Protein chains: 4
Amino acid sequence: MARTKSEDKRRAILDAALSVFAERGTWSTPTAAISRAAGVAEGTLFTYFPTKEILMNELYRDLKSELAEILLASFPSDGDVRTRFQHLWQGYIRWGVTHPDELKVLAQLQVADQITPESREVGRAPFVEIERIATEAIAHGYLHDYPVAYHSMLFDTLAEMTIAVIASEPNTTVDYAMIGFDVLWRGTSRS
Amino acid sequence: MARTKSEDKRRAILDAALSVFAERGTWSTPTAAISRAAGVAEGTLFTYFPTKEILMNELYRDLKSELAEILLASFPSDGDVRTRFQHLWQGYIRWGVTHPDELKVLAQLQVADQITPESREVGRAPFVEIERIATEAIAHGYLHDYPVAYHSMLFDTLAEMTIAVIASEPNTTVDYAMIGFDVLWRGTSRS
Amino acid sequence: MARTKSEDKRRAILDAALSVFAERGTWSTPTAAISRAAGVAEGTLFTYFPTKEILMNELYRDLKSELAEILLASFPSDGDVRTRFQHLWQGYIRWGVTHPDELKVLAQLQVADQITPESREVGRAPFVEIERIATEAIAHGYLHDYPVAYHSMLFDTLAEMTIAVIASEPNTTVDYAMIGFDVLWRGTSRS
Amino acid sequence: MARTKSEDKRRAILDAALSVFAERGTWSTPTAAISRAAGVAEGTLFTYFPTKEILMNELYRDLKSELAEILLASFPSDGDVRTRFQHLWQGYIRWGVTHPDELKVLAQLQVADQITPESREVGRAPFVEIERIATEAIAHGYLHDYPVAYHSMLFDTLAEMTIAVIASEPNTTVDYAMIGFDVLWRGTSRS
DNA sequence: GATGAATGAGGATTCATTCAT
DNA sequence: AATGAATGAATCCTCATTCAT
């Protein structure tokens with residue numbers, strides 16, 4: 001057999017794309033810059049990702065699922081609603097703050113016309129857990145009876161904003177992570 | 001007079017850029033497509049906007065100030081805090097829902113590396129009114145004592161999200177505009 | 001007004017394409033080589049011919065009509081059938097022998113998949129004169145009653161072959177032009 | 001045994017090249033398409049044909065000799081001149097009509113710059129039989145005293161043209177094969 | 001020998017910008 | 001100022017060929 005397509009190389013390219021996209025902006029980044037950063041030949045990139053567009057979509061899915069994985073790690077399935085929400089919230093914020101590149105690129109890909117509806121669907125999938133909790137919480141009367149998709153989106157939007165604020169004020173003493181969660185909770189819970 | 005005509009052309013280019021950006025995506029749009037849509041020659045665009053980057057920045061500021069202008073029109077300066085906030089909120093939502101192109105392009109420009117910090121600053125300026133109200137409201141104990149910039153951002157973020165939800169569910173009976181404001185108010189007010 | 005698209009430049013590009021195609025082969029010739037030979041910038045070629053394929057088609061039509069023009073110049077409309085055929089024949093042979101580049105490129109384009117049916121149709125058009133003579137000659141019983149398209153093709157094929165032979169034996173004393181016409185005439189006439 | 005298998009693969013590649021060339025055009029066909037069609041790995045192609053150019057030349061020679069073989073099969077060595085010529089003619093026409101792919105590819109290779117003079121020489125070799133008959137026929141005064149190479153070329157050219165005509169008019173009732181031979185015979189014989 | 005991943009030199013276009021008219 | 005042809009750097013991708021397995 002010939003050299004087998006290496007998972008390492010695939011990852012290297014994806015990682016390189018992430019960091020170069022973050023540095024130069026997704027649309028100003030030539031594929032050549034990615035392959036160079038990945039330490040592979042220009043053509044090699046295309047044996048792993050047939051087009052730049054496909055690469056962008058794969059990266060998008062990759063980031064989304066990486067985030068989801070982190071959020072659901074050590075998830076306190078038996079905590080109360082607030083605890084579980086807070087766990088997700090803290091995980092999200094921490095990830096965002098410690099992964100500024102990922103966050104920036106994700107924000108760019110989010111509005112990119114190249115990201116297909118399928119990718120967006122796949123990207124949303126891992127976040128169903130949040131919706132599951134919301135559904136249950138609504139049934140128990142803990143949360144206002146809004147569409148679960150709305151709760152989920154609210155969570156996501158506020159978390160992203162919170163991360164952005166934290167990133168933009170590195171030296172603040174304000175605990176935006178806590179404030180943000182308070183706003184979310186007061187805004188949506190019934191108590 | 002030459003001056004009058006020029007202003008027309010400037011607007012035509014800006015309007016064309018908006019609609020073509022919305023249709024084809026900001027980064028896939030060549031300047032030639034803009035000038036064509038504007039009904040001017042390719043070169044003419046550059047007598048009004050020396051570079052594409054400058055055009056993007058001008059458009060960004062333009063959209064931001066158009067929005068601000070609308071929000072502050074017939075502003076009930078003497079209403080109570082909730083009334084004034086709600087007026088801004090409703091104006092924002094209405095504008096967003098009726099101007100999907102503007103909204104989409106703004107979302108793309110928001111994450112564009114080409115938008116300078118100066119433009120972002122200028123773009124924020126018209127929203128100081130919101131901060132002014134917030135400042136006052138905090139002083140009177142109506143709102144939680146968070147940084148006013150945070151209140152402002154929260155307002156902005158939730159409104160944008162609300163608009164997006166409304167746009168994505170054209171036939172819903174859910175009054176997302178109202179829900180959104182409730183969440184915002186409960187989340188930030190003290191009562 | 002801006003610089004107007006110059007007919008000169010169009011010709012220069014077409015001429016350059018002809019000579020570079022002849023030298024390097026149609027399929028091994030990059031567009032950059034053509035523009036360089038034409039003395040224009042790489043991009044300029046594309047303002048005159050949107051794609052290489054279109055350039056090839058235009059060149060094909062151009063060569064075909066140049067040939068037709070020459071054949072029909074000073075055409076002895078009132079000569080007898082043999083005289084008229086011979087005039088066309090001699091013109092063809094002379095053109096082919098004195099324009100080896102044109103002939104070589106035409107031969108390559110003839111079999112190119114890029115040449116559209118429309119171009120082939122257009123390319124055939126100028127040769128209707130030959131068919132006209134044939135039609136008349138058949139009616140008068142001078143020529144065998146074969147389809148006129150067949151007569152025309154025969155003429156063309158034999159002429160091309162004759163030119164090729166002459167080109168390949170520059171120092172021969174054999175009068176292939178005459179031989180060829182004799183073969184054609186004996187082969188198709190009735191006398 | 002290794003040797004047997006190799007010969008199989010060589011043929012498979014040559015056959016694949018033929019059919020893919022016919023379908024996509026010789027110059028638009030990547031070697032990868034050939035190897036795929038042949039059911040071998042991309043690299044394997046190069047163990048049989050060190051370069052694409054060599055493959056093209058081998059295919060050219062192969063087609064030429066396949067044709068020659070067919071023409072000379074069951075050749076009526078003792079027939080009269082006309083009979084022998086006619087046998088060759090019919091064989092050629094029949095082959096061409098039943099092997100459109102071969103014919104098309106041969107036509108493209110004929111004008112390819114990649115075909116070496118040596119290959120062209122080799123390709124002509126099998127047709128010496130025709131020249132032999134011509135030589136004899138001239139000596140006996142049956143044929144006009146033109147260079148034998150010329151007779152051979154004429155035969156070839158007219159046959160190819162005839163095949164092309166037949167191929168382009170599948171439903172005609174005209175017997176182009178017969179017409180073509182008549183033209184050739186009248187054009188070159190002395191009777 | 002067979003495989004197919006890796007390579008990197010092109011190659012056809014695109015496009016922001018310039019500049020002659 | 002307006003025009004649009006001219007420019008050529010930059011870009012995505014292709015493909016013949018090499019080479020590790």
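Computed from heavy atoms alone, side chains included, the values below leave out hydrogens, waters and symmetry copies. Predicted, not measured: the structure shown is a model, and the values here were computed from it. Naming: A, B, ... by sequence-line order, numbering from 1 per chain.
- Regarding contacts with the backbone of E:dG11, every side-chain N or O of C:K52 stays at 4.0 angstrom or more from both OP1 and OP2.
- Across the interface with DNA chain F, nearest-nucleotide mapping of C:V40 and D:E53 shows C:V40 to be the residue nearer the 5′ end.
- D:S28 comes within contact range of no nucleotide atom at all, as no heavy-atom separation falls under 4.0 Å.
- Listed pair D:T31 / F:dA16 meets the phosphate criterion, a side-chain N or O lying under 4.0 Å from OP1 or OP2.
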Can A:L59 and A:L63 be said to form a side chain to side chain contact (heavy atoms under 4.5 Å, CB included), step by step?
CA-CA 6 Å; A:L59 180 57; A:L63 291 176; 4.1 Å; yes
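- D:F49 comes within contact range of no nucleotide atom at all, as no heavy-atom separation falls under 4.0 Å.
- We find that CD of A:E42 is positioned 10 Å from C1' of F:dC12, with the value rounded to whole Å.
- Remark: A:K5 is not in phosphate contact with E:dG4, judged by side-chain N or O atoms under 4.0 Å from OP1 or OP2.
- Within 4.0 Å (heavy atoms only), B:T51 reaches sugar-phosphate atoms of the nucleic acid but no base atom.
- For the pair A:Q114 CD and F:dC12 C1', the interatomic distance rounds to 13 Å; values are reported in whole Å.
- For C:T47, a side-chain nitrogen or oxygen approaches OP1 or OP2 of F:dA6 to under 4.0 Å.
- Of the listed residues (C:E58, C:R124, C:R61, C:Q114), just one forms a side chain to side chain contact (heavy atoms under 4.5 Å, CB included) with C:S119, and that residue is C:R61.
- F:dA20 is paired with E:dT3 under the criterion used here, namely a Watson-Crick or G-U wobble arrangement in which both key atom distances are under 3.5 Å.
- Inter-residue side-chain proximity for B:D113 and A:K104 is flagged as met; some heavy-atom pair is nearer than 4.5 Å.
- Of the candidates E:dG11, F:dC12, F:dG8, F:dG8 carries the atom nearest the C:A41 side chain, counting heavy atoms from C-beta on.
- Nearest-nucleotide positions on DNA chain F place C:G43 closer to the 5' end than the other of D:T29 and C:G43.
- At the phosphate of E:dG1, neither OP1 nor OP2 sits under 4.0 Å from any side-chain N or O atom of D:Y48.
- Atom pair D:W27:CH2 and F:dA16:P shows a separation of 14 Å (rounding to whole Å applied).
- Both D:T44 and B:P50 sit near DNA chain E, but only D:T44 has its closest nucleotide nearer the 5' end.
- Computed from coordinates, the A:R36 CZ to E:dT7 P distance equals 14 Å when rounded to whole Å.
- The pair C:D15-C:R10 does not count as a salt bridge, with every side-chain nitrogen at least 4.0 angstrom from each carboxylate oxygen.
- For the residue pair B:N57 / B:E118, no side-chain donor-acceptor distance below 3.5 Å is found, with atom types taken as modelled.
- The nucleotide whose nearest atom lies closest to any side-chain atom of A:P30 is, among F:dA2, F:dT11, F:dC15, F:dT11.
- If you take CG of C:L45 and P of E:dT14, they are 12 Å apart, rounded to a whole angstrom.
- The separation between C:I34 atom CD1 and E:dG11 atom P is 11 Å, rounded to whole Å.
- Not a single donor-acceptor pair under 3.5 Å links the side chain of B:Y48 to the backbone N or O of B:L55.
- With a cut-off of 3.5 Å on both Watson-Crick or G-U wobble distances, the partner of E:dG10 is given as F:dC13.
- Along DNA chain E, the nucleotide closest to B:F46 and the one closest to A:G39 are compared, and the more 5′ of them pairs with A:G39.
- In this structure, B:M56 atom CE and E:dA16 atom P are separated by 11 Å, rounded to whole Å.
- Atom NZ in A:K9 sits roughly 11 Å away from atom P in E:dA5 (whole-Å rounding).
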